[in-house]
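Some notes on the structure that comes next.
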2 protein chains.
Amino acid sequence: MADDPTDRTPRTLAAPDASAAAAFLGDAIERDALATLFGRCTVEYDGRAASSLASGDRHVMLKPDGTALVHTDEGQQPVNWQSPGCAHECRVDGDDLVVESVRSSPAERLTVRFSAVAFAAAFDPTDEESLDVVGTEADLKRRILEEPGLVESGFRPLATERRTPAGAVDVYGEDDEGRTVVLELKRRRVGPDAVGQLNRYVEALERDLHAGAEIRGLLVAPSVTERARALLAEEGLEFVPLSPREES
Amino acid sequence: MADDPTDRTPRTLAAPDASAAAAFLGDAIERDALATLFGRCTVEYDGRAASSLASGDRHVMLKPDGTALVHTDEGQQPVNWQSPGCAHECRVDGDDLVVESVRSSPAERLTVRFSAVAFAAAFDPTDEESLDVVGTEADLKRRILEEPGLVESGFRPLATERRTPAGAVDVYGEDDEGRTVVLELKRRRVGPDAVGQLNRYVEALERDLHAGAEIRGLLVAPSVTERARALLAEEGLEFVPLSPREES
DNA sequence: CGCTGGATGTCGCAG
DNA sequence: CTGCGACGTCCAGCG
């Protein structure tokens, strides 16, 4: 049964010593399983930045794609981690289990040293399903292309992702008087950054098209902060309230 | 032993049916434990956006601070999640175990429905150590304040986080000819966004100080993208190569 | 690979 | 609470 490659029962180990934990984890890594460890450990990271975490109880997850995640009992984000593409290794050092996830380019190393492993588990997940999300910026774009009048009466979209020297414009079109219109779309309430982005596109197009061309810049989002609204006014840009989902 | 509040042994359960899993998980939530589940499940989310994930094997973590994380065998990010502050609940529905994490403001609901739980575990982590990171933007600022000549010979910092109508300037000072200098610091290679940010500060100060005041805007970062370099030149801003860590 | 911009970004801090 | 910007952001898409 243990040799059956299709065995999908999780393997577990309670309170192992370092060498038992290393054997278990080495096998899990070898088998491309999703491995988890819980116990008392220190964590060191060196790479794009550097960090050090003194001893405490944490949950460690090693994924077969090379991801490593170290979680405490608080926070949505891992306290330390390693990105996909790393190589996981483990070894015994004295009474400790040492788990390392290493990559080059950029050179990064995550070292977890367990003084005690309370529990270890390994799974073989099979998951081919993909996530289907609604309410994204892509949905907002779809809404606008299907019903351009939501932006303003007479608006006609001509292109999406139109290239400018400053980057790609979300939606490019004309108003009912034939003036060029540039839309910058955001799925949620926007701050000053989006105004800067829109302004860069408008200015790039003003330079790109023949001189004197009047170009309207419209920020399309559910709402806008006060600072962003002031910036819009300063730059002669406009705001159109519109949500990616219908209810708003 | 099970009643000992100082008991730090993880509690575990292999291949429970729905009601056993619900009892186990309900107890773990009640006890403010860090709970993990592995098994076959569907996931629904509705809140800021909405998403749906068909049946597959995933690892679910529920933290006592209200965080929920759903991980597949790939990727550093959870495929679905819920932020700290949620209330976790679980119940039996037919043969399924249903786990929900709910919050209001914003109204969000994550629903995980297990058709089979392969394994459940609950831990009582106590983690009082705090992480200490090196190589951040704060380190870059510290370097500059300790050794202003790194920016340019004769630079004198006068204030940090100086307020402007466009937001707070990272470092504010004077050059060796008495001209006002604004620094925008970035810990790593920068793109066009940072140039827009720096430009907003410079323009705000030009309006704020007496007319005709010449203000220099310096972007301080390890390096800069080509587009950003072009934008800098356009806006009459400057680039100073400097890294938050000494080796560069 | 590097650049660019989105994200249910998350997180921390100030008002 | 909102606003704002940093982040070892992560991530997909494109050249």
Salt bridge (charged side-chain N to carboxylate O under 4.0 Å, His left out) against [X], all qualifying residues, sequence neighbours excluded:
{"X": "A/Arg162", "value": "none"}
{"X": "A/Asp46", "value": "B/Arg245"}
{"X": "B/Glu89", "value": "none"}
{"X": "B/Arg189", "value": "none"}

Measuring to OP1 and OP2 of [N], would you say a side-chain N or O of [X] lies under 4.0 angstrom away?
{"X": "B/Trp81", "N": "C/dG9", "answer": "no"}
{"X": "A/Tyr201", "N": "C/dG5", "answer": "yes"}
{"X": "B/Ser83", "N": "C/dT8", "answer": "no"}

d([atom1], [X]; [atom2], [N]) in whole Å:
{"X": "A/Gln76", "N": "C/dG12", "atom1": "CD", "atom2": "P", "result": "11 Å"}
{"X": "A/Asp139", "N": "C/dA7", "atom1": "CG", "atom2": "C1'", "result": "13 Å"}
{"X": "B/Glu161", "N": "C/dA14", "atom1": "CD", "atom2": "C1'", "result": "10 Å"}
{"X": "B/Arg162", "N": "C/dA14", "atom1": "CZ", "atom2": "P", "result": "18 Å"}
{"X": "A/Lys141", "N": "C/dA7", "atom1": "NZ", "atom2": "C1'", "result": "15 Å"}

*For residues 216-231 of chain B, pull every pair meeting salt bridge (charged side-chain N to carboxylate O under 4.0 Å, His left out), keeping only residues two or more places apart or in separate chains.*
B/Glu152-B/Arg216, B/Asp175-B/Arg216, B/Arg216-B/Glu238, B/Glu226-B/Arg229
Using a 4.0 Å heavy-atom cut-off, does [X] contact any base of the nucleic acid, only the sugar-phosphate backbone, or nothing at all?
{"X": "B/Arg103", "answer": "nothing"}
{"X": "B/Glu226", "answer": "nothing"}
{"X": "B/Ala138", "answer": "nothing"}
{"X": "A/Gly135", "answer": "nothing"}

*In whole angstrom, give me the gap between the P atoms of C/dT8 and D/dC4.*
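Here C/dT8 and D/dC4 have their P atoms 22 Å from each other.
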*C1' atom, C/dA7 versus D/dC7: distance in rounded Å?*
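The same atom, C1', in both gives a distance of 14 Å.
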*Give me the residues of residues 105-113 of chain A where at least one heavy atom lies under 4.0 Å from an atom of DNA chain D, by number, or none.*
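Under 4.0 Å from DNA chain D: A/Glu108.
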*Output the residues of residues 182-197 of chain B in contact with DNA chain D, where contact means a heavy atom of the residue under 4.0 Å from an atom of the strand; sort by number or write none.*
B/Glu184, B/Lys186, B/Arg187, B/Arg188, B/Gln197
*From the 5' end of DNA chain D to its 3' end, which nucleotides mark the outer limits of contact with chain A, defined by a 4.0 Å heavy-atom distance cut-off (strictly under)?*
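Span of nucleotides near chain A: D/dG3 to D/dG15.
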*asked:* I want to verify a distance call: between C/dT4, C/dA7, C/dT10, whose nearest atom is closest to the B/Arg227 side chain?
replied: C/dT4
Please check this pair: side chain of [X] against backbone of [Y], looking for a donor-acceptor N/O pair closer than 3.5 Å.
{"X": "A/Arg109", "Y": "A/Glu44", "result": "no"}
{"X": "B/Lys63", "Y": "B/Leu34", "result": "no"}
{"X": "A/Asp132", "Y": "B/Ser52", "result": "no"}
{"X": "A/Arg48", "Y": "A/Pro106", "result": "no"}

*Could you check B/Val133 against A/Pro84 and say which one's nearest nucleotide on DNA chain D is further toward the 5' end?*
B/Val133
_Over all atoms of both residues, closest heavy-atom pair of A/Leu183 and A/Asp170_ =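 Shortest heavy-atom contact: O-CB, 3.4 Å.
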Among all residues two or more places apart in sequence or in another chain, which pass the side chain to side chain donor-acceptor pair (under 3.5 Å) test with [X]?
{"X": "B/Arg113", "answer": "B/Asp93, B/Asp96"}
{"X": "B/Arg187", "answer": "none"}
{"X": "B/His59", "answer": "none"}

*asked:* So if I take residues 43-55 of chain B and measure heavy-atom distances to DNA chain C, which residues fall below 4.0 Å?
replied: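 Those residues are B/Tyr45, B/Arg48, B/Ala49, B/Ser51.
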*Hey, what do you get for NZ (B/Lys141) to OG1 (B/Thr160), rounding to the nearest 0.5 Å?*
4.5 Å
*Distance only, no hydrogens: is a donor on one side chain within 3.5 Å (strictly under) of an acceptor on the other, for B/Gln76 and A/Thr67?*
no
